[in-house]
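A short write-up of the structure that comes next.
Sequence positions, counted from 1, serve as the residue numbers for this chain.
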Amino acid sequence: MAYFYEEPCHTFSEYLLVPGYSSAECIPANVSLKTPVVRFKKGEQPALSMNIPMVSAIMQSVSNDNMAIALAKEGGISFLYGSQSIENQAEMVRRVKRYKAGFVVSDSNIRMDQTLADVLELKRKTGHSTVAVTDDGTPNGHLLGIVTSRDYRISRMSTEEKVFTFMTPIEKVIYAEEGVSLKEANNIIWDNKLNALPIIDKDKRLVAFVFRKDYDSHKGHPLELLDSHKRYVVGAGVNTRDYEKRIPALVDAGADILCIDSSEGYSEWQKRTIDYVRKTYGNKVKIGAGNVVDREGFRFLAEAGADFVKIGIGGGSICITRETKGIGRGQATAVIEVAKARDEYFEETGIYVPICSDGGIVYDYHITLALAMGCDFCMLGRYFARFDESPTNKVMINGNYMKEYWGEGSARARNWQRYDLGGDKKLSFEEGVDSYVPYAGSLHDNLALTMSKTRSTMCNCGALSIQELQQKSRLTLVSSVSIVEGGAHDVVLKDDMHLMK
């Protein structure tokens, strides 16, 4: 006879936090959302932490290099989707790592005999308006000049006009020589009112650019997540099939952390992948694993050497695993049990393995609930898919702007590796849907509001850190009637008045 759990599993919407004592110090400005990402020993600091407890899902419709840059600016990590060629994913990693390093290797380069049409196409492809003109069109060729949007007017020029006729020649370009410090370079930019400063070597070859926007961006994003070389931190998803080829390529490209992308992580396939990483790289390469929903699954992956463990099966907004296979567990119950297992493991071994709640987040306050229940950070798909920075198209549906959003288990994603059980190289059936989500604008504005809600709720609980929230939180289950009571009720909303006319 099968084992039966005595209690039903629960979702986040079935819980509320009970307020605790708040001292005068409990104001949102004093709240720290810093959280560990990878395993560490008691008394030591983790090798990688985040400044906010949010990562973007390993999905085609969510996490590309644009999302990774935008989220790193806010203090989180994006895991670039792995259901693409190894070369494309590695190039995405490189684009993120190149984006901001103080000294940026130019990815917008052109020859002087090319045309304005080529400049416009390069700008469309890279998104950068500063183009270096080198003798061979490479990032390290002899610098002959630069082209910016101030050098041409599309309405008054032929797109066939040659670059050398409108570029700013090197004789009129202010530049610095290799060896200049970042502080000195920024001073030159400010003193000369420049947007970009080329750095050249003694042979007049282009080495890098320093951009004014990088300095401004840093001041406008105090929580941005940078590595030791002041480059944005980026993650990448891997599978349990081609990991021996994919992982070296991602590591060489500069990925800071990897995560096995799988619908179910309590398997030998995940252990084999982690074993490969440990045998090849030791503890230098960090890799998360999952997904699991109980104590046994967590213990298996923690003992296998996972740097963090993801929780959740079937709770995503586009996931139909529970409908098609009858597999899964309510996300709140899963997080609570795995958090207890994580604490048990820490007591036994002195090793803390962070846990990530993946899926089941419908409202902003669910993030705070997940943190209070014990998770260290949350992975979200639908939340991030709504923003300008996600890779999908913005379309008009019934008079409203929407963004496309599809699951990795859908036929559109064709990501059979995520659901691989050692069988054929195809999806036998779908475990995700193809859908739309309401367009919400920029990531920065929306994320600021979400984190503001989290900080405020933490203050209501008397907590100034995530660890303190977990220690002080008191949670209560709510009845279906209480859930109704929690929203607007027994009134006529002003927005609905027109329906009564």
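From Thr457, atom OG1 reaches atom CZ of Arg455 across 11.5 Å, with rounding to the nearest 0.5 Å. Rounding to the nearest 0.5 angstrom, the gap separating the CD1 atom in Ile189 from the CG atom in Leu197 is 5.0 Å. Here Thr115 contributes atom OG1 and Glu160 contributes atom CD; the two are 5.5 Å apart, rounded to the nearest 0.5 Å. Between the OG1 atom in Thr392 and the CH2 atom in Trp406 there is a gap of 6.0 Å [rounded to 0.5 Å]. Taking CD of Gln331 as the start and CZ of Phe12 as the end, the distance is 5.0 Å to the nearest 0.5 Å. One distance of note links CG of Asn64 with OG of Ser390; it measures 7.5 Å at 0.5 Å rounding.
Judged by distance alone, with hydrogens and angles left aside, the side-chain atoms of Asp151 form a donor-acceptor pair with the main-chain N or O of Thr148 at under 3.5 Å. Ser435 places a side-chain N or O within donor-acceptor distance of the main-chain N or O of Tyr405, the cut-off being under 3.5 Å. Judged by distance alone, with hydrogens and angles left aside, the side-chain atoms of Ser106 form a donor-acceptor pair with the main-chain N or O of Ser108 at under 3.5 Å. Put simply, the side chain of Thr159 never gets that close to the backbone of Leu116: no donor and acceptor are under 3.5 Å apart. When atom types are taken as modelled, the side chain of Asp261 and the backbone of Gly237 share no donor-acceptor pair closer than 3.5 angstrom. Under a 3.5 Å cut-off, the side chain of Asn140 and the backbone N or O of Leu206 do form a donor-acceptor pair. No donor-acceptor distance shorter than 3.5 angstrom exists from the side chain of Lys403 to the backbone of Tyr439, with no hydrogens or angles considered. The backbone N or O of Arg111 sits less than 3.5 Å from a side-chain atom of Gln114, completing a donor-acceptor pair. Using a distance-only test at 3.5 Å, with no hydrogens or angles considered, no donor-acceptor pair links the side chain of Asn393 to the main chain of Val395. Counting only distance, with no hydrogens or angles, the side chain of Lys97 and the backbone of Ala253 share no donor-acceptor pair below 3.5 Å.
For Lys286, the NZ atom is densely surrounded, since the number of other residues' heavy atoms within 6.0 Å is greater than 12. The neighbour count for Lys34 NZ, taken as heavy atoms of other residues, nucleotides or ligands under 6.0 Å away, does not exceed 12.
For the pair Lys213 and Tyr99, the cation-pi test (distance below 6.0 Å, angle within 45°) is passed. A cation-pi geometry, defined here as NZ or CZ lying under 6.0 Å from the six-membered ring centre and within 45° of its normal, does not hold between Lys284 and Tyr281. Taking the centre and axis of the six-membered ring of Tyr383, the NZ or CZ atom of Arg386 falls inside the cone set by 45° and 6.0 Å.
When side chains are defined from C-beta on, Ser262 does not count as touching Thr240, because their heavy atoms never get closer than 4.5 Å. Side-chain contact between Cys375 and Leu371: present, with at least one pair of heavy atoms (C-beta onward) separated by less than 4.5 Å. Side-chain contact check for Leu447 versus Phe387: every heavy-atom pair is 4.5 Å or farther apart. Looking at heavy atoms from C-beta onward, Phe103 lies in side-chain contact with Val180 at the 4.5 angstrom threshold. In this structure the side chain of Pro438 reaches within 4.5 angstrom of the side chain of Met402, judged on heavy atoms. Between Met451 and Glu74 the shortest side-chain heavy-atom distance does not fall below 4.5 Å. Side-chain contact between Val147 and Val163 is present, with at least one heavy-atom pair separated by less than 4.5 Å. A heavy-atom distance below 4.5 Å is not found between the side chains of Pro354 and Arg342.
Salt-bridge annotation for Arg205 and Asp203: absent, with no side-chain N of the basic residue lying under 4.0 Å from a carboxylate O of the acidic one. Electrostatic pairing of Arg94 and Asp65 does not count as a salt bridge here, judged by no charged N lying under 4.0 Å from a carboxylate O. By the 4.0 Å N-to-carboxylate-O rule, Glu44 lies too far from Arg39 to be salt-bridged with it.
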Hey, mind stepping through Leu226 and Tyr232 against side chain to side chain contact (heavy atoms under 4.5 Å, CB included) and telling me if it holds?
-> CA-CA 5 Å; Leu226 306 175; Tyr232 285 131; 3.5 Å; yes
Does the pair Ser442 and Asp388 meet the rule for a side-chain hydrogen bond (donor to acceptor under 3.5 Å, both in side chains), with working shown?
-> CA-CA 5 Å; Ser442 74; Asp388 290 319; 5.3 Å; no
Please test Tyr436 against Glu404 for side chain to side chain contact (heavy atoms under 4.5 Å, CB included), starting from the C-alpha separation and ending with a verdict.
-> CA-CA 5 Å; Tyr436 299 101; Glu404 294 179 305; 3.9 Å; yes
Can you list the steps and then say if Leu144 with Ile170 is a side chain to side chain contact (heavy atoms under 4.5 Å, CB included)?
-> CA-CA 5 Å; Leu144 304 178; Ile170 187 64; 5.6 Å; no
Would you check, one step at a time, whether the test salt bridge (charged side-chain N to carboxylate O under 4.0 Å, His left out) holds for Asp307 with Arg278?
-> CA-CA 11 Å; Asp307 284 294; Arg278 297 294 170 246; 2.7 Å; yes
May I have the step-by-step check of side chain to side chain contact (heavy atoms under 4.5 Å, CB included) for Thr368 and Lys453, ending in yes or no?
-> CA-CA 9 Å; Thr368 316; Lys453 293 177 183 178; over 6 Å; no
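Ring pair Phe166/Tyr152 is perpendicular by interplanar angle, where above 60° counts as perpendicular and below 30° as parallel.
Closest approach of Met458 and Leu469 over heavy atoms only: CG-CD2, 4.0 Å. When all heavy atoms of Ile361 and Cys378 are compared, the closest pair comes out as CD1-SG, 4.4 Å. Counting all heavy atoms, side chain and backbone alike, Pro36 lies closest to Gln467 at CD-NE2, 3.9 Å. Summarising the geometry of Ser129 relative to Lys123, their closest heavy-atom pair is CB-CE, 4.1 Å, with the distance given to 0.1 Å. Pairing each heavy atom of Ala255 with each of Ala236, the nearest pair is CB-CB, 4.5 Å. Scanning both residues, Val37 and Phe308, for their nearest heavy atoms gives O-CB, 3.3 Å.
Side-chain contact, Ser267 with Gln270: no donor N or O sits under 3.5 Å from an acceptor N or O.
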